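Scroll down for the structure; my scribbles are underneath it.
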Amino acid sequence: MRRREFLGALGGLTAAWPVAARAQQPGKVVRIGFFGPALTASATIAPYQAFLAQLREFGLYEGQNIAVEYRNVDDPRGAFVAAADLMRSRPDLIVAAGPEVALQAVVGASLAVPIVVIAINYEPIGRGYVATLARPGGNITGVVSRQLELAQKRAALGWR
């Protein structure tokens, strides 16, 4: 009987060992590539800081379980070169914020990485990037901000 108990305990220990070893290893760091306008004005800094704050609310902290690589659409080398540079960092997810060139550049650089678009003043559905926002298909999803239409309405109402 003792031999069976010993072999059973040894077998259970052997089966549990890989699980315990994995639990002690640090978790994977998720790499997020953020491609958008230069972080030089409060109009671009504030939304980016809000993005990072929202990630923290979900328990995602830079330097702990996420790494955010920011690249500038307005890079002097060109948006497509900057997007290719971003792809060399091997992101798990890309956020393409701002003008259409941000999305064009990351789509051209990646076909497999999921892309979250924050479209400003263009329509990704009308341009053929996604089928619908509810069911985009492919690797692109996101939100649309129509500031141009809002600016036109404000001008018509005499607002500044």
Side-chain angles (χ1 to χ4, degrees), residues 9-147 150:
L10 184 60
L13 181 62
T14 304
W17 176 74
V19 174
R22 278 194 304 266
Q24 293 175 357
Q25 295 175 356
K28 180 184 181 211
V29 174
V30 176
R31 303 185 63 77
I32 299 173
F34 199 103
F35 195 62
L39 294 175
T40 55
S42 62
T44 55
I45 294 172
Y48 180 68
Q49 293 299 327
F51 169 74
L52 295 177
Q54 188 66 51
L55 290 176
R56 285 190 294 274
E57 285 185 29
F58 288 122
L60 301 170
Y61 298 94
E62 277 190 281
Q64 292 180 10
N65 50 7
I66 63 167
V68 180
E69 295 279 335
Y70 194 97
R71 294 295 186 280
N72 185 351
V73 169
D74 306 319
D75 189 299
R77 301 171 298 164
F80 290 86
V81 173
D85 184 43
L86 179 62
M87 292 310 299
R88 281 191 282 280
S89 71
R90 298 192 176 266
D92 297 305
L93 171 78
I94 299 172
V95 177
E100 185 176 6
V101 69
L103 182 57
Q104 287 173 338
V106 296
V107 165
S110 167
L111 297 175
V113 178
I115 299 170
V116 176
V117 62
I118 303 169
I120 309 252
N121 294 332
Y122 71 95
E123 182 61 56
I125 298 168
R127 304 282 185 158
Y129 296 107
V130 296
T132 68
L133 288 179
R135 297 195 193 290
N139 64 328
I140 301 172
T141 191
V143 296
V144 176
S145 176
R146 294 185 179 144
Q147 295 176 346
L150 180 61

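These numbers come from a predicted model, not from an experiment. Count residues from 1 along the sequence.
One distance of note links CD1 of Ile66 with CG of Leu55; it measures 4.5 Å at 0.5 Å rounding. For the atom pair CZ of Phe35 and CD1 of Ile118, the computed distance is 13.5 Å after rounding to the nearest 0.5 Å. Between atom CG of residue Leu39 and atom CZ of residue Phe34 there is a gap of 8.0 Å, rounded to the nearest 0.5 Å.
For residues 69-82, every residue pair satisfying the side-chain hydrogen bond (donor to acceptor under 3.5 Å, both in side chains) rule, not counting sequence neighbours, is listed here: Arg31-Glu69, Glu69-Arg71, Arg71-Asp85, Asp75-Arg77. For residues 44-59, no pair satisfies side-chain hydrogen bond (donor to acceptor under 3.5 Å, both in side chains), with sequence neighbours left out.
The two residues Pro37 and Ala97 make their nearest non-hydrogen contact at CD-O, 3.5 Å. The minimum heavy-atom distance linking Asn65 with Gly59 is given by the pair ND2-O, 2.9 Å. Nearest approach of Leu86 to Pro91, heavy atoms of both residues: O-CD, 3.6 Å. The heavy-atom pair separating Phe80 from Gln104 by the smallest distance is CE2-O, 3.7 Å. In terms of heavy-atom proximity, Met87 sits nearest to Ile94 at SD-CD1, 3.3 Å. Closest approach of Val116 and Gly142 over heavy atoms only: CG1-CA, 4.3 Å.
Taking 4.5 Å as the limit, every side-chain heavy atom of Val30 sits out of range of all side-chain heavy atoms of Leu60. Inter-residue side-chain proximity for Phe51 and Ile32 is flagged as met; some heavy-atom pair is nearer than 4.5 Å.
Between the side chain of Asn139 and the main chain of Ile115, no donor-acceptor pair closer than 3.5 Å is present.
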Would you check, one step at a time, whether the test side chain to side chain contact (heavy atoms under 4.5 Å, CB included) holds for Val117 with Ile140?
CA-CA 7 Å; Val117 62; Ile140 301 172; 4.1 Å; yes

